[in-house]
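This report refers to the structure that appears directly beneath it.
Naming: A, B, ... by sequence-line order, numbering from 1 per chain. For clarity, every value in this text was computed on a predicted model and none was experimentally measured. These numbers come from the heavy atoms of this one structure, side chains and all, not from hydrogens, waters or symmetry mates.
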Amino acid sequence: MPRITLPDGSVREYDDRTSGAIIAESIGKSLARDAVAIRVDGELRDLTREIESDASVAIVTRDSEDGLELLRHDAAHVLAEAVKELWPETQVTIGPAIENGFYYDFAREEPFTEDDLEVIEARMRDIVDRNESIVREVWDRSEAVEFFRSIGEEYKAEIIASIPNDEPVTLYRQGDFIDLCRGPHLPETGRLGKAFKLTHVSGAYWRGDSANEMLQRVYGTAWAHDKQLRKYLHMLEEAEKRDHRRLGRVMDLFHFQEEAPGAVFWHPKGWNLFQSLIDFMRQQQNAAGYQEINTPELMNRSLWEASGHWDSFADNMFTSETVDGRTYAIKPMNCPGHVQVFKQGITSYRDLPYRLAEFGKCHRYEPSGALHGMMRVRAFTQDDAHVFCTPDQITDESIAVCNLILGIYRGFGFEDVRIKFADRPEVRVGDDAVWDQAEAALLKALETAGLDYTHNPGEGAFYGPKLEFVLRDAIGRDWQCGTLQVDLNMPGRLGATYIGEDGEKHIPVMLHRAIFGSLERFIGILIEHHAGNLPLWLAPVQVKVLTITSEADDFAEEVAARLQAAGLRAETDLRNEKIAYKVREHSVSKIPVLFAIGQREVETGSVAVRRLGSKKQQVLSVDEALDELLTEVREHR
RNA sequence: GCCCACAUAGCUCAGGGGCAGAGCACUUCCUUGGUAAGGAAGAGGUCCCCGGUUCAAAUCCGGGUGUGGGCUCCA
């Protein structure tokens, strides 16, 4: 007679046997229909599994977060069943739920094609219609291994070996398909519904290791209801519309071409945007006590050997052999150059902290498959800086860097910023004792500043641990941009010293920091975040002055000249076209402010102002319009 | 680097073993029009590159390069 406590605190007693399905049914028909699993004393379980003893339970419905994840996991199983029916020689491996959907990795000689997706999806719908029962079975480990071997599922056998000994080995059977799985699952395939869609195929390494064989991965999306599926597909279309590669062309900002993979050709407007970011950053970091420098892009191999890059970063470096037989490397980072500047000037602890900044163009040889528009390139400009300081100053300087970074992100409208703490990687330079010290210093700064963070084990730079600053854009995507790294290795390797208060030589600590990370990438993120509708202070062309008749040409030129004299980026459009045509064209290319000038405006010395995204116009005197814009630009500074 | 797909006019794309196509953009002409495409005419091509098959290849096959979606890696 189990006593079942429900989330509202009420208690129900059942006859000697009960289950999630029975409980849901006893509460209500619609709950029973929407139930996908049950939480028993906190543990997620199958609806059909018997509950033997007293427990606190909560029915999990398809609309809940847990329920949706379970649906997606079931969709992966139905996908695997469909594939096994269609191509029985295929081996199944793993198939988890992921954000917005699911995937399943298959081992198969012949890869899946996009056309196969439709065939598989149709079979998946059949399986949902068949409404097969999904039955949980607990197996003996060695029997399970033997079973999977006998049906040619070597990967499954391998997975069982990695299941901890104290965990039961459970299999789920649906129709003729049987799969190793922790569960829980739906009671039957019909409950999955049809709000799913296979989206793409790709390769994926077994266990995520590039040394292993490549499997065929099929991705899909799955939702509780059709409406949500449609909404998601619509969101994907919207995301495509804000793709920086498309907008970069429409807005005439930049282009790429075959001869320079992973390198940007900046057009006048794009370069203007680029310079606006630099102006803003320069102003902020100068105020924060940084001094700007510039260091060589090409330096002799010996320097890179001394810094440790030649050993730890060689695969990512472009090199150049000269006719005299010397080897130079194009800088992949600015730090060794900055140490050289430090060594030329600083001798006293009194000069520390010493903060050097550079908008440094770096080149890294990235694997061809990693390149992606401006988000991942081979040639990029870092807003890089290095703070040389004493060990005692690490905490204060780190806090100052965190505040600078968060403040600058706010200036761009990014309020939602997360911090990750990345510690020592496998390939690294320096003693573990030094790493202990560096990691502790960063953690202390985070705690003192009262900042929340998550741990990112093994992801530090080869010379030191780091904080990664991740910002979330308007459509919920995360981008790692800023970074702060504590380096107790490189200054010593490159022979940097200062004289301390004690009259002895000491090796300075070096903090590496970047805020945009890469200017190229940050601009890509900004474009997508704003869907191309850049805020006024950043727009490469802020105002376009359009004439309605050629009678207005002179006045339009005069207005544009006044805007330019006031420091605004303004252009005229005097073409022999209708005003609707001009408005459309400049709206498409995302000009934030349009001034239209016809006979009426010429006579009254006014302009008809139209803002991007609005269909309304406002007739203002030139002075009023100018004031309004200047105020808006100033507010962002 | 690995798996899959794709590459045709400036852009978006159709086509397909036998003369290279559309829309938009561009040029010229007409139009001076009041807020998201006015009309007409014209020009524009190494069908990504290199090989192969074929009487004939932009089309089929092989290799390369680039791009896209993933994997691995990362700012």
Taking atom [atom1] in both [N] and [M], compute the distance separating them and give it to the nearest angstrom.
| N | M | atom1 | value |
| --- | --- | --- | --- |
| B:A14 | B:C71 | P | 27 Å |
| B:U32 | B:C47 | C1' | 42 Å |
| B:G66 | B:C49 | C1' | 10 Å |
| B:U8 | B:G15 | P | 14 Å |
| B:C26 | B:G63 | C1' | 37 Å |
| B:C19 | B:G45 | C1' | 14 Å |
| B:U27 | B:G69 | P | 33 Å |
| B:U65 | B:A57 | P | 26 Å |

So, [X] and [Y], do they make that salt bridge, N to O below 4.0 Å?
| X | Y | value |
| --- | --- | --- |
| A:Arg600 | A:Glu603 | no |
| A:Glu439 | A:Arg424 | yes |
| A:Asp243 | A:Arg245 | yes |
| A:Glu628 | A:Arg611 | no |

If we ignore hydrogens and angles and just use 3.5 Å, is the side chain of [X] paired with the main-chain N or O of [Y] as donor and acceptor?
| X | Y | result |
| --- | --- | --- |
| A:His586 | A:Lys544 | no |
| A:Glu520 | A:Thr381 | yes |
| A:Trp206 | A:Leu215 | no |
| A:Gln91 | A:Glu154 | yes |

Shortest non-hydrogen contact from [X] to [Y]?
| X | Y | answer |
| --- | --- | --- |
| A:Gln542 | A:Leu536 | NE2-O, 2.9 Å |
| A:Gly430 | A:Asn489 | CA-OD1, 3.1 Å |
| A:Pro111 | A:Asp116 | O-OD2, 4.2 Å |

TODO: May I ask you to say what A:Val250 touches in the nucleic acid, namely base, sugar-phosphate or nothing, with a heavy-atom cut-off under 4.0 Å?
DONE: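 No contact.
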Open item on the list: For a quick check of understanding: with a heavy-atom distance under 4.0 Å over all strands, which category does A:Phe595 fall into, base, sugar-phosphate or nothing?
Closed with: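 Counting heavy atoms under 4.0 Å across all strands, no contact is made by A:Phe595.
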Send over the distance from [X] [atom1] to [N] [atom2], rounded to a whole Å.
| X | N | atom1 | atom2 | result |
| --- | --- | --- | --- | --- |
| A:His586 | B:U35 | NE2 | P | 16 Å |
| A:Lys582 | B:G33 | NZ | C1' | 10 Å |
| A:Leu574 | B:U32 | CG | P | 18 Å |
| A:Asn212 | B:C3 | CG | C1' | 15 Å |

Open item on the list: Filter on ring pair (Phe, Tyr, Trp, His ring centres under 6.0 Å), then keep only pairs touching residues 357-376 of chain A, sequence neighbours left out; what's left?
Closed with: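 Residue pairs with at least one partner in residues 357-376 of chain A: A:Phe318-A:Tyr365.
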TODO: I would like to know whether A:Leu233 and A:Leu229 meet side-chain contact (heavy atoms from CB on, under 4.5 Å); could you show each step before the answer?
DONE: CA-CA 6 Å; A:Leu233 296 175; A:Leu229 173 65; 4.1 Å; yes
- [ ] Assign each of A:Glu585 and A:Glu551 to its nearest nucleotide of RNA chain B by heavy atoms, then name whichever residue's nucleotide is nearer the 5' end.
- [x]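 Nearer the 5' end of the strand: A:Glu585.
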TODO: Sugar-phosphate means primed atoms, P, OP1 and OP2; the rest is base. With that split, encode nucleotides 8-14 of chain B 5' to 3' as B, S or - using protein heavy atoms under 4.0 Å.
DONE: ---SS--
TODO: Go along nucleotides 65-75 of chain B 5' to 3' and tag each nucleotide: B for a protein heavy atom under 4.0 Å from its base, S when only backbone or sugar atoms are that close, - otherwise.
DONE: BSSSBBBSBBB
Task: Identified side-chain contact (heavy atoms from CB on, under 4.5 Å) counterpart of A:Thr221 within the set A:Leu198, A:Thr199, A:Leu236, A:Ile98 - done: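 When A:Leu198, A:Thr199, A:Leu236, A:Ile98 are each tested with A:Thr221, the side-chain contact (heavy atoms from CB on, under 4.5 Å) holds only for A:Thr199.
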Pairing partner (Watson-Crick or G-U wobble, both distances under 3.5 angstrom) of [N]:
| N | result |
| --- | --- |
| B:G68 | B:C4 |
| B:A37 | none |
| B:A43 | none |
| B:G51 | B:C61 |
| B:C74 | none |

TODO: Side chain of A:Ile579 only, please: which of B:U35, B:A36, B:U32 is the nearest?
DONE: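 For the A:Ile579 side chain, the nearest candidate turns out to be B:U35.
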Open item on the list: I need the residues from residues 598-613 of chain A with at least one non-hydrogen atom less than 4.0 Å from RNA chain B; give them sorted by number, or say none.
Closed with: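 Those residues are A:Gly598, A:Gln599, A:Arg600, A:Glu601, A:Ala608, A:Arg610.
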Open item on the list: With the threshold set at under 4.0 Å for non-hydrogen atoms, list the residues of residues 97-114 of chain A touching RNA chain B in residue-number order.
Closed with: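 Going residue by residue through residues 97-114 of chain A, the ones with a heavy atom under 4.0 Å of RNA chain B turn out to be A:Pro111.
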- [ ] Dump the intermediate steps for side-chain hydrogen bond (donor to acceptor under 3.5 Å, both in side chains) on A:Lys331 and A:Thr295, then the final yes or no.
- [x] CA-CA 10 Å; A:Lys331 68 179 176 187; A:Thr295 61; 3.2 Å; yes
Open item on the list: Among residues at least two apart in sequence or on other chains, which ones pass side-chain hydrogen bond (donor to acceptor under 3.5 Å, both in side chains) with A:His255?
Closed with: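 If we apply the side-chain hydrogen bond (donor to acceptor under 3.5 Å, both in side chains) test to A:His255, skipping adjacent residues, the hits are A:Gln257, A:His267.
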Task: Anti versus syn assignment for B:C19, with syn defined as within 90° of 0 - done: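 The base of B:C19 is oriented syn (glycosidic angle within 90° of 0).
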